[in-house]
**Student:** 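Can you keep this structure in mind? I'll have questions shortly.
Counting from 1, the numbers follow the sequence of the chain as shown.
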Amino acid sequence: MRVLVTGGAGFIGSHVVEALRRRGHETVVLDVRRNSGDDVRSPDAVAGALAGVDAVCHQAAKVGLGDGVSDAAAYVSANDLGTAVLVAAMAEAGVRRLVLAGSMVVYGEGRYTCPRHGAVRPGPRAVADLDAGRFEPACPRCRAPLSPGLVGEDAPADPRNVYAATKLAQEHLAAAWARCTGGSAVSLRYHNVYGPRMPRDTPYAGVASIFRSALARGESPRVFEDGRQRRDFVHVRDVAAANVLALEADFAPGLLTPYNTGSGDPRTVGEMAGALAAAHGGPEPRITGEYRLGDVRHITADSARLRRDLGWRPGVGFAEGMREFAADERT
């Protein structure tokens, strides 16, 4: 199979390219890192890259929480305009297979249970609560403490920041393309991906990369809130393997199928910072109590559907992955 990988020179995309080639597939890379003209927002560049292609793996995106809403136009341009140009060109070229780099951020807060009211969906956390160090969401009906759980793909979308809104819009565009063309689309809703080649020293880098850069400077990782916020840290090679399986599988035409893509081993951000610092040889993390208004408290995935349908299993454990990441000189 000949596969176009947008963003194929980037963090996740480069691992997808390697995984595809190991499986014997031919890859075409469209990435501005390699050629400034290879922009997914350029109809000519995309049309040229699609020549002879059987499937597309769309990884190109502007990622991270960013700067509130000041860079909203940049996010929408890179993520949503880029996806719109891509699916329009795919429709014209007759390419009918798409795997999209989705994100768990489309859910907003994760799944919560109230001891009195059962499953509930708390709204955005109030500034007054965050300023007072009350980081845990309370039941919106009785204000009781909530128990976080795993989020399934059928949970309603509730994006809480600009990046999240653009990732949901990408899914809607891909779904519209699938309906209009009879193509099949898959959105792999990544959780916190980490590993070799992770971007560093930018406000758009993931939290693991920010901590790793601090350690490389001899500084303590600065952990926001109380460090107890839960995430699912999944290794980039496992994410690349999920992309290959999704590209090779047969899906019903005319639909977009979402899959949570997480390790299934939730950890707190403080626990991750501690493991990374220990593997690096220190210094110890520092809990700051600071917060970012667009952040959610807990978001962890139920990836059972991906395991069941595609036979995917993560192969890199948390401790092993953190040791490798701590030793990665390219990060």
Side-chain angles (χ1 to χ4, degrees), residues 11-12 63-66 101-112 122 124-125 130 135-137 146-153 155 157-161 163-164 167 188-195 198-199 203-215 221-239 242 259-279 285-304 306 314 316-326 331:
F11 167 44
I12 299 174
V63 301
L65 188 59
S103 176
M104 54 84 181
V105 295
V106 301
Y107 298 119
E109 286 285 355
R111 181 178 183 274
Y112 291 89
R125 296 180 291 173
L130 295 170
F135 301 119
E136 293 289 346
L146 299 174
S147 299
L150 299 179
V151 181
E153 289 88 350
D158 185 17
R160 299 285 177 92
N161 55 58
Y163 171 61
K167 296 306 289 184
L188 296 176
R189 291 175 174 170
Y190 301 159
H191 279 246
N192 290 68
V193 186
Y194 74 96
M198 203 171 183
Y204 308 101
V207 65
S209 182
I210 292 170
F211 291 167
R212 176 65 179 82
S213 294
L215 290 165
R222 297 171 65 253
V223 181
F224 283 8
E225 302 187 17
D226 58 4
R228 297 176 184 171
Q229 55 270 48
R230 287 159 53 92
R231 298 291 188 269
D232 185 318
F233 299 97
V234 59
H235 196 276
V236 65
R237 287 197 297 274
D238 289 329
V239 168
Y259 286 108
N260 289 335
T261 308
S263 70
D265 182 21
R267 304 280 178 150
T268 68
V269 173
E271 187 179 3
M272 184 274 287
L276 193 57
R286 181 167 64 89
I287 307 297
T288 70
E290 299 171 87
Y291 64 87
R292 297 189 302 179
L293 197 57
D295 276 338
V296 297
R297 179 61 174 175
H298 304 297
I299 178 67
T300 53
D302 181 355
S303 299
L306 182 61
V316 182
F318 178 78
E320 174 192 355
M322 288 298 156
R323 286 194 298 269
E324 179 195 26
F325 187 46
T331 302

**Student:** Kindly say whether Asp302 contributes a backbone atom to a donor-acceptor pair with the side chain of Asn260 at under 3.5 angstrom?
**Tutor:** yes
**Student:** Check whether Tyr259 forms a cation-pi arrangement with Arg189 (NZ or CZ under 6.0 Å from the six-membered ring centre, at most 45° off the ring normal).
**Tutor:** no
**Student:** Asp265 versus Val234: any side-chain heavy-atom pair under 4.5 Å?
**Tutor:** no
**Student:** Apply the test salt bridge (Lys or Arg N to Asp or Glu O under 4.0 Å) to residues Arg230 and Glu271: give CA-CA distance (whole Å), side-chain angles for both, the deciding distance (0.1 Å), then the verdict.
**Tutor:** CA-CA 9 Å; Arg230 287 159 53 92; Glu271 187 179 3; over 6 Å; no
**Student:** Rounded to the nearest 0.5 Å, what separates atom CD in Glu136 from atom CG in Leu146?
**Tutor:** 8.5 Å
**Student:** Can you tell me how far the CG atom of Asp295 sits from the CD atom of Glu109, to the nearest 0.5 Å?
**Tutor:** 9.5 Å
**Student:** Report yes or no: does Asp238 contribute a side-chain atom to a donor-acceptor pair with the main-chain N or O of Val316 at less than 3.5 Å?
**Tutor:** yes
**Student:** Kindly indicate, with the supporting measurements, whether the criterion side chain to side chain contact (heavy atoms under 4.5 Å, CB included) is fulfilled by Phe211 and Val269.
**Tutor:** CA-CA 10 Å; Phe211 291 167; Val269 173; 3.8 Å; yes
**Student:** To the closest 0.5 Å, what do you measure between CE (Met322) and OH (Tyr194)?
**Tutor:** 4.5 Å
**Student:** Identify the heavy atoms of Asp158 and Arg160 that sit nearest to each other, and give their distance.
**Tutor:** OD2-NH2, 2.8 Å
**Student:** Atom OG in Ser303, atom CG in Leu150: separation rounded to 0.5 Å?
**Tutor:** 8.5 Å
**Student:** Check Pro285 against Val223 and note the closest heavy-atom contact, atom names and distance.
**Tutor:** CB-CG2, 4.0 Å
**Student:** Could you check whether any side-chain N or O of Arg231 sits under 3.5 Å from a backbone N or O of Arg297, counting only pairs where one atom can act as donor and the other as acceptor?
**Tutor:** yes
**Student:** Quick check against the 3.5 Å criterion: does Gln229 have a side-chain atom that pairs as donor or acceptor with the backbone of Phe224?
**Tutor:** yes
**Student:** Using modelled atom types only, decide if a donor and an acceptor are shared between the side chain of Arg111 and the backbone of Gly152 within a distance under 3.5 Å.
**Tutor:** no
**Student:** Restricting to non-hydrogen atoms, name the atom on Val63 and the atom on Tyr163 that form the minimum distance, rounded to 0.1 Å.
**Tutor:** CA-CE1, 3.6 Å
**Student:** Write down the atom of Tyr112, the atom of Pro137, and the distance for their closest heavy-atom approach.
**Tutor:** OH-CG, 3.7 Å
**Student:** Judged by atom type as modelled, is there a donor-acceptor pair below 3.5 Å linking the side chain of Ser209 to the main-chain atoms of Pro199?
**Tutor:** yes
**Student:** Between Tyr291 and Arg125, do the side chains contain an N or O donor and an N or O acceptor separated by less than 3.5 Å?
**Tutor:** no
**Student:** What orientation do Phe233 and Phe318 show, parallel under 30°, tilted 30 to 60°, or perpendicular over 60°?
**Tutor:** tilted
**Student:** Taking all heavy atoms of Tyr190 and all of Val239, pick out the closest pair and write down the distance.
**Tutor:** CE2-CG1, 3.4 Å
**Student:** For Gly270, does its backbone N or O pair with a side-chain atom of Arg228 as donor and acceptor, under 3.5 Å?
**Tutor:** no
**Student:** Would you say His298 and Phe135 make side-chain contact, with heavy atoms under 4.5 Å?
**Tutor:** no
**Student:** Please step through side-chain hydrogen bond (donor to acceptor under 3.5 Å, both in side chains) for the pair Thr300 and Asp232, ending with a clear verdict.
**Tutor:** CA-CA 5 Å; Thr300 53; Asp232 185 318; over 6 Å; no
**Student:** Keeping the roles fixed (side chain from Lys167, backbone from Ala101), state whether a donor-acceptor pair exists under 3.5 Å.
**Tutor:** yes
**Student:** Roughly how far apart are Met198 CE and Ile12 CD1, rounded to 0.5 Å?
**Tutor:** 8.0 Å
**Student:** Apply salt bridge (Lys or Arg N to Asp or Glu O under 4.0 Å) to the pair Arg222 and Glu290, showing each step before the final yes or no.
**Tutor:** CA-CA 9 Å; Arg222 297 171 65 253; Glu290 299 171 87; 2.2 Å; yes
**Student:** Could you measure the distance from the CG atom of Asn192 to the CE atom of Met272? Nearest 0.5 Å is fine.
**Tutor:** 7.5 Å
**Student:** Looking only at non-hydrogen atoms, find the nearest pair between Thr261 and Ala242 and report the distance.
**Tutor:** CG2-CB, 4.1 Å
**Student:** Compute whether any side-chain donor of one residue and acceptor of the other, for His235 and Glu320, lie under 3.5 angstrom apart.
**Tutor:** no
